[in-house]
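A note on names: the letters A, B, ... follow the listed sequences, proteins ahead of strands, and every chain is numbered from 1. This is a predicted model, so every value here is computed, not measured.
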Amino acid sequence: MSEPILELVGLSKTYPGGLKALDNVDLTIRKGEIFALLGPNGAGKTTLIGAVCGIVRPSDGTMRAFGHDMATDWRAARARIGLVPQELSTDMFEPVSRAVAYSRGLFGLAPDPARIEEILRSLSLWDKRDTRIMALSGGMKRRVLIAKALAHEPDLLFLDEPTAGVDVELRKDMWRQIGAMRERGVTVILTTHYIEEAEEMADRVGIINGGKLLMVDDKAAMMKRLGRTEAHISLAQPLTELPASIAHFPVELEEAGTSLCYRGGDGTGKGKGEVADLTKALIAAEVDYTGIEVRESTLEDIFVSLLGEGEGAA
Amino acid sequence: MINWRSTWSIYTRELMRAMRTAFQSIIAPVLTTSLYFIVFGAAIGARMPDIAGVDYAAFIIPGLLMLTLLGETTSNASFGIYMPRFTGTIYELLSAPVGVAETLVGFVGAAATKSLILAAIILLTARLFVEYQIAHPFLAVIYIMLVAASFALFGFILGIWADNFEKLGIIPMLFLTPLTFLGGTFYSIDMLPKPWDTIALANPIVYLVSGLRWTFYGTADVDFGLSLGITLGFLAVCTVIIAYIFKTGWRLRA
Ligand SMILES: Nc1ncnc2c1ncn2[C@@H]1O[C@H](COP(=O)(O)OP(=O)(O)OP(=O)(O)O)[C@@H](O)[C@H]1O
Ligand SMILES: [Mg+2]
């Protein structure tokens, strides 16, 4: 689980015209993990994937995959990397199974109809194998692109927004597929705008904005570091100051003393316990309240606050 | 080192893609060639004297063949690479462990193969209108293959250079067709008045038409060796340009 499968050092990309889409990115991906790259539109996610997959020429930095230097030993490296692009681009006139078989051949592998069948079945495309791709729905087209990317049995798979424009049912199904890939030992790097997707799938999360990788951490560690419990307790009578017995809690009076706000915890559940203790202390101090609202911060909150910091620094 | 499996995949897929439009891509040139033969071969040719001992209708065959061959090969090859760029499907090729060798042999080989099939069909069509003998059939086939390969490479460059459909069409329309028309398809260069006979020699297509005519009838405006040399030179120049394009990723990689 610790062996590096991909190492990016100082990766930068400036597009003609001067736009810096990647700014000195360092990233190491471990074998067998699912890594989610999160960032808003234009953050540089697709550019990063493109640089590794040979679609974008990096302006600076080095890339190693499976121990091969991508600048010199790109053939050996690319043979083991699969890519599902963000855009639905494939020859729309081609029947499904032929498109998938072509991908396998293109990567230099001998035809293997049994393997193609297995891939198509696993993506529920077997019934559609003779259908022209243009006659498929958007979600099915995306699965065809996944099948094409899996045709050469890659060890490292890039999924650029695999669930964009896919309904809830299919998205769950996609998560299941990605889980199955991990079972088979495939390392997956995916990009997404859906926080719950990263939360659901990823082992580690990287946050990117303006071409800079702001933060990379284990999902749980990130939650622990930045996770917060927020509780709003509506008071029956407004208070002018905090009772001494609750002063040691991270609380503040808000809304002219009618609301007590707790902000604390670390994303491991510590906050919930403290809120429970806080309410007991309030009862002991004979402070009456009419309602409690407790909320755990999501990855989205982390994301928004990080981006805020990033913008503040710039 | 070239990966033959990848190459074969590209080659067969390109040919399969052509099969989808096989009818159009064959019927159009057959029709055009037939029209030329009816007008120039039968109608006008009947009133024309032999040129260098060759019946006029037969004389125009190599030039007509060249006319179709250059146009079709160039447009086939240019579309073959332009369309994936345009639709974005090129991502797969770029992300695959294939380099310039696989791409070239695959795409250009497929375009050249289509051209050879087309050439055979045109020659068979011509047979319906005129009797002709090919003096050096082996050399003729080799020469047609060389020309097809060179212009497939040329079309490939065009398809990478073009960033819109207009550019894709303009080179064949603006240069290829006029130069072929003026390249001695319908006449021998020494039938031109001075100084046009000398000026005509600046047209590279003259050498191609003349070279093919030599393999057909053993007579030509210029020495066959010169024609062959110019064809090989063009092939070499195109190959170098493409190697450079792949090395730098120009217009292929962002
Ligand atoms: N070929 C290109 N030429 C010039 N600029 C480009 C090119 N491709 C992307 N960019 C710019 O680079 C920046 C990063 O783009 P990129 O596609 O990597 O973002 P992204 O994070 O994938 O966004 P999204 O979530 O919308 O897919 C954007 O500002 C974009 O406009
Ligand atoms: Mg993107």
Side-chain angles (χ1 to χ4, degrees), chain A residues 13-17 19 21 46-47 49-59 68 70 73-95 98-111 132-133 145 148-149 151-152 154 157-158 160, chain B residues 1-25 79-107 109-110 159-160 163 244-254:
Chain A
K13 171 65 187 179
T14 308
Y15 280 112
L19 189 118
T46 301
T47 304
I49 291 178
V52 177
C53 295
I55 289 144
V56 169
R57 279 173 291 165
S59 317
H68 301 286
M70 300 284 291
D73 228 358
W74 53 272
R75 271 181 198 261
R78 283 212 203 124
R80 298 174 66 183
I81 299 177
L83 166 64
V84 181
Q86 182 172 359
E87 309 290 336
L88 285 173
S89 43
T90 188
D91 186 341
M92 293 292 164
F93 293 95
E94 231 172 2
R98 196 191 289 164
V100 177
Y102 166 72
S103 298
R104 188 179 170 86
L106 182 66
F107 277 71
L109 265 59
R132 283 173 162 202
I133 294 170
L145 291 192
K148 279 168 75 66
H152 66 283
L157 182 66
F158 285 95
D160 200 353
Chain B
M1 212 196 63
I2 182 165
N3 187 331
W4 286 108
R5 272 219 179 85
S6 308
T7 311
W8 179 247
S9 299
I10 297 171
Y11 179 80
T12 48
R13 183 158 104 143
E14 278 302 292
L15 285 186
M16 232 160 346
R17 221 171 41 77
M19 292 291 284
R20 293 203 294 247
T21 53
F23 187 70
Q24 292 101 294
S25 45
F79 265 95
I81 190 71
Y82 179 80
M83 286 312 286
R85 285 180 58 223
F86 180 72
T87 59
T89 60
I90 198 165
Y91 86 86
E92 197 175 25
L93 192 69
L94 295 176
S95 71
V98 302
V100 61
E102 290 87 356
T103 313
L104 269 198
V105 178
F107 277 99
I160 289 180
D163 43 20
Y244 180 77
I245 286 174
F246 269 77
K247 204 164 152 355
T248 58
W250 182 71
R251 297 247 164 131
L252 279 176
R253 299 174 201 277

*Identify the heavy atoms of G82(A) and P154(A) that sit nearest to each other, and give their distance.*
N-CB, 3.4 Å

*asked:* Which atoms of L109(A) are under 4.5 Å from chain B, going by heavy atoms: the side chain, the backbone, both sets, or neither?
replied: backbone

*Which atom pair, heavy atoms only, marks the closest approach of C53(A) to I81(A)?*
SG-CG2, 4.1 Å

*With a 4.5 angstrom heavy-atom cut-off, could you sort out which part of A110(A) is near chain B: side chain, backbone, both or neither?*
both

*Of the non-hydrogen atoms in A99(A) and I133(A), which two are nearest, and what is the gap between them?*
CB-CD1, 3.8 Å

_Stepwise side chain to side chain contact (heavy atoms under 4.5 Å, CB included) check, I10(B) with L93(B)_ = CA-CA 9 Å; I10(B) 297 171; L93(B) 192 69; 3.8 Å; yes

Taking 3.5 Å as the threshold, show me the donor-acceptor pairs across chain B and chain A, one per line with distances to 0.1 Å.
from    : atom 1 : to      : atom 2 : distance (Å)
S6(B)   : OG     : L106(A) : O      : 2.8
S6(B)   : OG     : G108(A) : N      : 3.4
S9(B)   : OG     : G105(A) : O      : 3.3
R13(B)  : NH1    : E94(A)  : OE1    : 2.6
R13(B)  : NH1    : E94(A)  : OE2    : 2.9
R20(B)  : NH2    : D91(A)  : OD2    : 3.3
E92(B)  : OE1    : K148(A) : NZ     : 3.1
E92(B)  : OE2    : S103(A) : OG     : 2.4
E92(B)  : OE2    : K148(A) : NZ     : 3.4
L94(B)  : O      : R78(A)  : NH1    : 3.2
P97(B)  : O      : R75(A)  : NH1    : 3.3
E102(B) : OE1    : R75(A)  : NH2    : 3.2
E102(B) : OE2    : R75(A)  : NH1    : 2.7
E102(B) : OE2    : R75(A)  : NH2    : 3.4
T248(B) : O      : R57(A)  : NE     : 3.4
T248(B) : O      : R57(A)  : NH1    : 2.6
R253(B) : O      : R57(A)  : NH2    : 3.2
R253(B) : NH1    : G54(A)  : O      : 2.1
A254(B) : N      : I55(A)  : O      : 3.0
A254(B) : O      : K13(A)  : NZ     : 3.3
A254(B) : O      : R57(A)  : N      : 3.0

_Can you tell me which portion of M16(B) sits under 4.5 Å from chain A's heavy atoms? Options are side chain, backbone, both or neither._
side chain

_Tell me the closest heavy-atom pair linking P84(B) and F79(B), and the distance in Å._
CD-O, 4.0 Å

*Residue, of P111(A), P85(A), A101(A), A79(A), that accumulates the most heavy atom pairs under 4.5 Å with chain B*: P85(A)

*Please state whether the side chain, the backbone, both or neither of I90(B) comes within less than 4.5 Å of a heavy atom of chain A.*
neither

